[in-house]
Amino acid sequence: MIISTDARTSPEHAGASDRNLLLAVSGLRKYFPIRRGLLRKVVGETRAVDGVSFEVRRGEMLGLVGESGSGKTTVGRCLMRLLQPTAGRILLYNAMAGVDLCGLSARKLRDIRPRLQMIFQDPHSSLNPRMTVGEIVGEPLIVNRVAKGTELNERVATLLELVGLNGDDLRRYPHAFSGGQRQRIGIARALALRPELVIADEPVSALDVSVQAQILNLLAELRERIGFSCIFIAHDLSVVEHICDRVAVMYLGRIVEIGDTDTLYRAPQHPYTEALLSAVPIPDPVAQRERTRVRLEGEVPDASSPPPGCPFHPRCRYAEPLCRECVPELRPIAEKSLASCHLSEKLNLKGV
Amino acid sequence: MEPLLEIRGLTTVFPTDDGTVCAVNDVTFSITPGKTLGLVGESGCGKSLTALSILRLVPAPGRIAAGSIWYRPKGGNAPIDLVRLCPHGDAIREIRGNEIAMIFQEPMTSLNPVYTIGNQIAESVALHQAADRKEARARAVEMLARVGIPNPRQRAKEYPHQLSGGMRQRAMIAMALCCRPALLLADEPTTALDVTIQAQVLELMKSLQQEFGMAILLITHDMGVIAEMADEVVVMYAGRVVEQGEPEAIFYKPLHPYTQGLLASVPVLGRRSKARLVAIPGTVPRLQRLPQGCAFRPRCSRRMPVCVEMPELEGASGAADASPNADHKVRCWLYDHQHGR
């Protein structure tokens, strides 16, 4: 067990006095052991998530972006306790006080689970092909003894209609539906228990472009109608800009920048955010031709042996000697925005 | 300029339990030497199968039922119709890899896991360029260096699983380009990559294109990638070309309701619009159950009674606001003299 050295709350932490606070994550770490040899001896560890702190307020949509291997999916799975975090605290608040999800027993966790739900990336593999749509969407209601019999069927039909499917689709199996419709079934299941927090892990990236928009619109509409909070994990920065109120950018298991979507996209404070934004191709030939791209050399380092100092420094074009030695902290730079870069004040980074 | 590749009326069919389906239906376009043609469409629109038809690699039981693919080989020989070649014969093998090369979306599944990267690249050099093993090996290492793989001598000795996704895609590009093909077919070459790596690979493809003067057929569903790379754009839907033109025409004056819908349904970086996206209702139709006439009709907001008949792909001269333009073609009744607005 690794004892967290910076398990203190993040600078943006407003404390439990903030009535709107729903989730406060601090110092979250998840290390996976690397085993070698006949005896499966632990020879090292992959630091998939390495000290992540953030908050989610009620009704807010927080985007978690980053490239593959940045740890964004692992954060989502730790929040659901599908993975046991190595260290850190995940406080889920109700009107009175917060509960730390990390320390809960399986039994206690079961009482909390209805408040947290997940939407998965691939609607082809996340729905059981041998269950009818009615069983899939109704299962959380049965397991948590919320409804049964005719009431159950009515509630499932209402849920299906809520996500834009036909209430009569109850008896059909997932294979009879297209990818977009299957994702709607997944959303209906996630919303069955009226969760306070929905974790959506790449919910549209497996869908056709013309169908993506339908699902994004549906999520935005449902959020307005039902008012859940959402952590939207994605790699597509255009989608995140469109749908999220705030965005956290992850790199090598850490949050390098977090802030209001508009502020972060217009005036990024971390060189990685700048590079990420400039790498996204824009569907506009003239604008695309006139853009100058920040070229990012190399690739994301191995999370089992992160570079010393700032984890981004080997690829950063602004890196100074300080960056090679000293790990920058996530600190407030502009209003409502935090970044972990020694040079944020000096640099004038370009947004979009 | 004489086209490098000219596809006319290409139709590729698959027999299924529900009857024969046309996965590629009467597709016509041509590729200019040294230019990039972007082929856009969603899953099942026939864009990948068009590329496989060019290389005569249509998986059985599919077959090319009609059309011709005229290819002008290196060295100024007379054009050959690739459709007439035997798919297992020597003639097409001489073209595959040597004249026309292909890179795929997922390099892990298209590289052989039991051979080293260097061996796989050297194999095609040895096959096409009459080079001995040592020469072929040297060419492989040189090519790996050219695509920006650090420490190429060492990397050539490694197996595909030892490379990262971006490195593997670079190795695929090295393999495709080692015989200096005149045409590169790139099927979603960056879809499986992260954005920063995608940017690197696209830049690499552009610089190698300039250096080698090859043409690229770039297949993608990402309008952003098309905007960055393409000199000409072909939009496909349900096996047919629905619109074709220069990027400026396609992006700024899209004519077909499907193209318009595609562009309106993707959020654009930096636009800061919180309004709902304009989604295209419904889903891509299954090829077994294509609607009669225009395949986009059930999802189209501007459908008319005449749309139950198939419109032709024609120059957009009928459009009220556009001057006759043979370079911008669309398959839609809205731009027909009699039926349009």
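Order of the sequence lines sets the chain letters (A, B, ...), proteins ahead of strands, with each chain counted from 1. Quantities reported herein were computed from a predicted structural model and do not represent experimental measurements.
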Should we count [atom1] of [X] as having more than 12 external heavy atoms under 6.0 Å?
| X | atom1 | answer |
| --- | --- | --- |
| A:Arg295 | CZ | no |
| B:Glu246 | CD | no |
| B:Lys206 | NZ | yes |

B:Thr283-A:Gln181 side chain donor-acceptor pair, cut-off 3.5 Å
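Looking only at side-chain atoms, A:Gln181 and B:Thr283 do not form any donor-acceptor pair under 3.5 Å.
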
Any luck finding a side-chain donor-acceptor pair between A:Gln212 and B:Ser265 under 3.5 Å?
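Short answer, no.
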
Engaged part of [X] at the chain B interface, taking heavy atoms whose separation is under 4.5 Å:
| X | answer |
| --- | --- |
| A:Val300 | neither |
| A:Ile243 | backbone |
| A:Leu296 | both |
| A:Arg266 | both |

Could you tell me which residues in residues 215-234 of chain B have at least one non-hydrogen atom under 4.5 Å from a non-hydrogen atom of chain A, sorted by residue number?
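Contacts with chain A: B:His221, B:Met223, B:Gly224, B:Val225, B:Ala227, B:Glu228.
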
Which atom of [X] lies closest to which atom of [Y], heavy atoms considered:
| X | Y | value |
| --- | --- | --- |
| A:Glu67 | B:Val195 | OE2-N, 4.1 Å |
| A:Pro283 | B:Phe251 | O-CD2, 3.4 Å |
| A:Val286 | B:Glu248 | CG2-OE2, 4.3 Å |
| B:Val268 | A:Ser238 | C-CB, 4.4 Å |
| B:Ala279 | A:Asn217 | CB-ND2, 4.0 Å |
| B:Glu42 | A:Ser210 | OE2-OG, 2.7 Å |

Under a 4.5 Å heavy-atom cut-off, does chain A meet the side chain of B:Arg271, its backbone, both or neither?
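Interface part for B:Arg271: backbone (N, CA, C, O).
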
Under 4.5 Å heavy-atom distance to chain A, tell me which part of B:Ala264 shows up: side chain, backbone, both or neither.
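For B:Ala264, no heavy atom lies under 4.5 Å from chain A.
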
Distance-only, no hydrogens or angles: does the B:Asp194 side chain make a donor-acceptor pair with backbone N or O of A:Ser68 under 3.5 Å?
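It does hold such a pair.
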
Side-chain donor or acceptor of A:Asp208 paired with backbone N/O of B:Val284 under 3.5 Å
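Not a single qualifying donor-acceptor pair exists.
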
Could you tell me which of A:Ala287, A:Gly180, A:Gly298 has the largest number of non-hydrogen atom pairs under 4.5 Å with chain B?
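Between A:Ala287, A:Gly180, A:Gly298, the count favours A:Gly298.
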
Among the listed options A:Pro285, A:Ala275, A:Ala220, the residue most often paired with chain B at heavy-atom distances under 4.5 Å:
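Top count of heavy-atom pairs under 4.5 Å with chain B: A:Pro285.
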
I'd like to know if A:Glu299 pairs up with B:Arg168 as an ion pair, taking the criterion as any Lys NZ or Arg NE/NH1/NH2 lying under 4.0 Å from an Asp or Glu carboxylate oxygen.
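The answer is no: the pair does not qualify as a salt bridge.
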
From [X] [atom1] over to [Y] [atom2], what is the distance, rounded to the nearest 0.5 angstrom?
| X | Y | atom1 | atom2 | answer |
| --- | --- | --- | --- | --- |
| B:Arg276 | A:His242 | CZ | NE2 | 7.5 Å |
| A:Asp302 | B:Ser164 | CG | OG | 11.0 Å |
| B:Leu269 | A:Asp284 | CG | CG | 12.0 Å |

